[in-house]
Each structure stands twice: as structure tokens, then as C-alpha cells.
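In what follows, residues are counted from 1 in the order of the sequence shown.
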Amino acid sequence: MTALNLLILVSVLVAAAAECPFSNGGVNAPPKDNTYAPPPPDSGAPPAPPTTTESPAGAPTDAPAGSPSDAPALAPTAVPTPAPAPAPSQNKTAGKLSTDYYANICPNLESLVQGAVRGMMASSPIAAAATLRLFFHDCFATGCDASIMITNPSNDDERHNPENQFLRVDGYNTIIQAKNAVDADPQCTNKVSCADIIALAARDAVLLSGGPTWKVELGRYDALGARASDVDLPSASENVPQLMTRFSAQGLSVTDLVALSGGHTLGATSCFFVNPRLYPTVDPFLDPGFASQLQGTCPSFMNPNSFVFFDQSVLSFDNNYFLMLQQKKGVLFSDSALYFDPSSQSIVDKFAADQNAFFTAFSDSMVTLGRLGVKTAANGEIRKNCVFPN
């Protein structure tokens with residue numbers, strides 16, 4: 001990453017963080033057109049969203065239960081991952097996906113979406129990470145149905161759930177720009193779902209960052225609505241057995257967990273999620289030198305608008321994230337846990353040693369993730385505006 005790109009990235013992150021501190025849970029509903037300005041969140045990629053507590057007003061509090069100043073971090077639990085009886089998987093749907101679904105409907109679809117993603121990445125260094133994370137947050141709730149995009153007048157939608165308050169506006173705007181580009185083609189107008197656009201945009205964000213590509217399965221319909229109560233995401237404070245309970249319920253494996261966590265090779269996270277590992281005592285699963293470096297960025301009084309890059313190649317999709325895990329330099333608790341749990345450590349080692357193996361596994365896991373909760377014409381629609389149901 002060049003010094004200029006780093007300077008641009010830092011300035012964008014600082015400016016975005018200043019727009020809305022984490023303690024501010026109030027946002028205005030966007031206008032009813034194809035523009036969108038949801039609340040800013042942390043710019044990290046999936047799948048380690050924050051654990052927050054909820055204030056009586058429904059806004060995220062300044063710190064999770066047990067604030068960074070008074071709660072030591074728990075070391076990752078190094079025990080074999082149990083095999084919980086999975087809940088009904090969203091994978092079992094009536095939706096039938098196909099890589100050539102739009103071949104005769106919107107033949108230029110992929111180039112239109114990729115052009116929009118490329119444009120957003122040129123204007124925002126964090127657009128790729130934000131777009132990739134948006135896909136995970138959408139799919140892990142009620143399936144890959146673009147419900148994460150919906151704004152309800154009463155603010156009781158998915159994006160207003162405290163667990164989604166830290167998703168970045170750059171990801172939402174990437175989807176809006178892609179939808180606009182697709183609908184501007186007369187052959188495609190109102191024929192392509194927002195859910196499919198999110199899936200394509202996530203793939204292109206990875207590809208244009210130097211990562212792998214894959215054939216995206218298409219044919220999803222959009223959700224008819226969204227509820228905040230449907231959001232129950234994996235947490236940055238969970239260990240591997242806890243994470244696998246959630247992933248297994250979705251029909252996802254430990255390899256999927258490790259591969260999708262590798263999406264953290266893009267982006268950054270707030271000191272809000274790092275400080276519990278540093279104060280009052282340093283998490284023993286952090287390298288002492290790295291912990292000292294983190295303390296320099298995230299002092300004990302904690303400014304939640306300060307941030308930490310997930311790895312040393314923040315704008316490039318590569319396997320550097322796994323090399324850092326081996327060195328005890330995982331930024332989040334859930335990152336470190338992957339290397340200190342016997343069920344996932346060998347997978348981390350494999351991906352650290354072989355970037356192509358990581359790329360292949362990540363591509364496969366993204367295809368699997370994209371099959372969750374597919375909606376059909378019977379229980380979905382093709383939204384004219386991604387932000388509002390028809």
C-alpha cells in the first residue's frame with residue numbers, strides 16, 4: 001500500500017468515524033429515492049460483528065457489558081469444537097440458483113455491477129471491505145435477500161439493530177450505485193434483485209482488491225420486509241465453539257468459519273472492540289510487542305473513533321491475516337481464537353502457508369453462504385428501490 005493510499009484511507013476512516021460516534025444510535029431515514037445514508041459503523045469485513053448492549057432507547061451503548069476499563073479479556077478457549085445439533089439450515093430453500101440466470105434477462109449485468117463497484121472503490125478506499133461485510137450481515141440474518149438494505153419508518157429494521165449499527169455507509173452506497181447502473185440499462189430495469197446485486201458486488205470487491213473470483217449463483221428474490229429482531233450475528237468476543245454453534249446452525253463448517261474470517265484481510269476495526277483485550281490486563285494470547293503497539297493506538301480512556309487495521313495489507317485481499325494469527329497478532333478476540341483452538345488451528349496454518357488454498361476455500365464458502373435463505377417469487381419480490389419494499 002502506497003503512502004498516499006494509506007493517507008487517504010486514514011483520512012476517510014477518521015472523517016467517517018467523526019460523523020457519528022458509537023454512542024449515537026439515532027439516524028434519519030433516507031429519502032425515498034435511490035440514495036442512501038445509513039449509520040456509519042466499523043469498516044471491517046465479515047464475520048466478526050460487535051457485541052453491544054442496548055440502551056433503553058434502543059441505541060448501542062458506548063461499551064459492551066463490562067467496559068474496556070474494568071473487564072479483562074477472556075483467552076480463547078482451546079477445547080475441541082462440539083458438534084451441536086444444527087437448527088434448521090437456511091440452506092434448505094426452494095430457491096433455485098443458476099450462474100446464468102440473467103443471461104437472457106440482463107446480459108450485461110456482471111459488467112454493470114463491476115463497473116459500479118470499481119467506481120466506488122476509486123472514491124472510497126473502504127468500499128470493498130464495507131461491501132463484503134454487508135453481504136455477510138445480510139445472509140446471516142434471514143438469508144441473502146437484501147433485507148439489510150431496508151429502512152422502516154419506525155426504525156425497527158435490521159440495519160437499526162445494534163449489531164448492525166457499525167456497518168459502513170460505503171457498502172450501502174456501493175449497492176445503490178450498482179442498482180442504479182443496472183436499472184439504467186433498459187433491458188435490465190426492475191428485473192434484477194437487490195439480493196443478487198449484493199452477491200455480485202461482494203465478489204467484485206474481493207476480485208478488484210487482488211483476491212479470487214468465482215461464479216456467483218443468481219436468481220434470488222428480495223425480502224418483503226425487515227425486522228430488527230431477526231438479527232443474531234456471531235460476535236467478536238466469541239470463541240470457536242460459540243462461533244461454530246452459530247455457523248453449524250446455518251449449515252456452515254469450521255473451514256467456512258476460518259475462510260470467511262479471512263475476509264478481515266480487508267478493512268479495520270474500532271478500538272471499541274480492541275480495548276477489552278488490553279485493559280486492565282493484556283490478553284495472554286496477544287504478542288506483547290503487538291499489544292504494546294495496540295495500546296499506542298487505543299489508549300485506556302478509549303476513543304471509539306480510533307481504529308486498528310486488521311493486517312498489514314489493508315487494501316489487498318491476501319493471506320496476510322493468517323500469518324498475523326500465527327504470530328499472536330489477531331486484532332479481535334474471535335480472530336485469535338481461530339489459532340488457539342485445535343479444531344481450527346490446522347486450517348489457519350494451511351491458509352497461512354498456501355494463499356491459493358485460502359482463495360479456493362474462501363470462494364467455495366462465499367458460494368455456500370450465498371445459498372442461505374433464498375427467496376422466490378412466492379415469498380419475495382424484485383425491489384425497485386433497494387431501500388424500500390415495493
Side-chain angles (χ1 to χ4, degrees), residues 20 25-41 46-47 49-50 52 54 57-60 87-91 93-95 130-179 190 192-202 219-235 246 249-250 369-390:
C20 180
V27 293
N28 296 321
K32 292 194 175 185
D33 56 23
N34 269 4
T35 59
Y36 196 28
T52 59
E54 188 172 352
S89 172
Q90 296 183 59
N91 250 332
T93 69
T131 301
L132 178 57
R133 187 169 179 182
L134 188 70
F135 178 66
F136 180 87
H137 279 231
D138 183 45
C139 294
F140 226 86
T142 58
C144 307
D145 56 9
S147 53
I148 190 66
M149 299 292 297
I150 291 176
T151 294
N152 294 336
S154 55
N155 289 347
D156 58 348
D157 46 64
E158 288 182 22
R159 75 176 185 88
H160 284 91
N161 183 290
E163 295 187 55
N164 283 326
Q165 287 292 292
F166 305 100
L167 287 173
R168 286 302 314 275
V169 64
D170 309 71
Y172 289 97
N173 285 341
T174 298
I175 305 309
I176 294 301
Q177 292 301 316
K179 172 68 169 171
N190 297 331
V192 180
S193 69
C194 301
D196 280 343
I197 290 174
I198 294 175
L200 287 168
R220 302 167 186 81
Y221 279 69
D222 297 322
L224 300 173
R227 300 180 304 180
S229 59
D230 288 330
V231 178
D232 184 20
L233 294 167
S235 165
R246 298 176 183 275
Q250 302 282 16
L369 180 65
R371 295 170 179 163
L372 299 183
V374 173
K375 304 296 186 293
T376 67
N379 62 350
E381 64 183 6
I382 305 297
R383 240 178 271 155
K384 295 178 181 179
N385 184 323
C386 291
V387 180
F388 300 101
N390 297 339

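Between Ile148 atom CD1 and Phe140 atom CZ the span is 13.5 Å, to the nearest 0.5 Å. The structure places CG of Leu134 at 11.0 Å from CG of Asp170, a figure rounded to the nearest 0.5 Å. Distance check: Asp196 CG to Cys144 SG gives 9.5 Å after rounding to the nearest 0.5 Å. For the atom pair OG1 of Thr142 and CG of Asp232, the computed distance is 12.5 Å after rounding to the nearest 0.5 Å. Rounded to the nearest 0.5 Å, atoms CD1 (Ile197) and CZ (Phe135) are 13.5 Å apart.
Checking side-chain atoms of Asp156 against main-chain N and O of Ala228 turns up no donor-acceptor pair under 3.5 Å. Side-chain atoms of Arg220 do not come within 3.5 Å of backbone N or O of Gly143 as any donor-acceptor pair. Distance alone, capped at 3.5 Å, places no donor-acceptor pair between the Arg383 side chain and the Ala195 backbone. For Asn190 (side chain) and Ile382 (main-chain N/O), no donor-acceptor pair under 3.5 Å exists by modelled atom type.
When only modelled atom types and interatomic distance are considered, Ser154 and Asn152 share no side-chain donor-acceptor pair under 3.5 Å.
Looking at Glu381 and Leu224, their side chains come closer than 4.5 Å, going by heavy atoms from C-beta outward. With a 4.5 Å cut-off on side-chain heavy atoms, Met149 and Ile198 count as touching. Using a 4.5 Å heavy-atom cutoff, the side chains of Ile176 and Val387 are in contact. Taking 4.5 Å as the limit, every side-chain heavy atom of Asn379 sits out of range of all side-chain heavy atoms of Tyr221.
Applying side-chain contact (heavy atoms from CB on, under 4.5 Å) to Asn161 and the options Asp230, Asn155, Val231 leaves one that passes, Val231. Partner Arg159 forms a side-chain hydrogen bond (donor to acceptor under 3.5 Å, both in side chains) with one of Asp138, Thr151, Asn164 and no other, that one being Thr151.
Shortest non-hydrogen contact noted between Lys384 and Asn390 is N-OD1, 2.9 Å. Ser147 approaches Gly225 most closely through the heavy-atom pair CB-O, 4.0 Å. Between Asp222 and Ser193, the closest heavy-atom pair is OD1-CB, 3.4 Å. The nearest pair of heavy atoms linking Glu163 to His137 is O-CE1, 3.8 Å. Between Gly380 and Lys375, the shortest heavy-atom contact is CA-CB, 4.4 Å.
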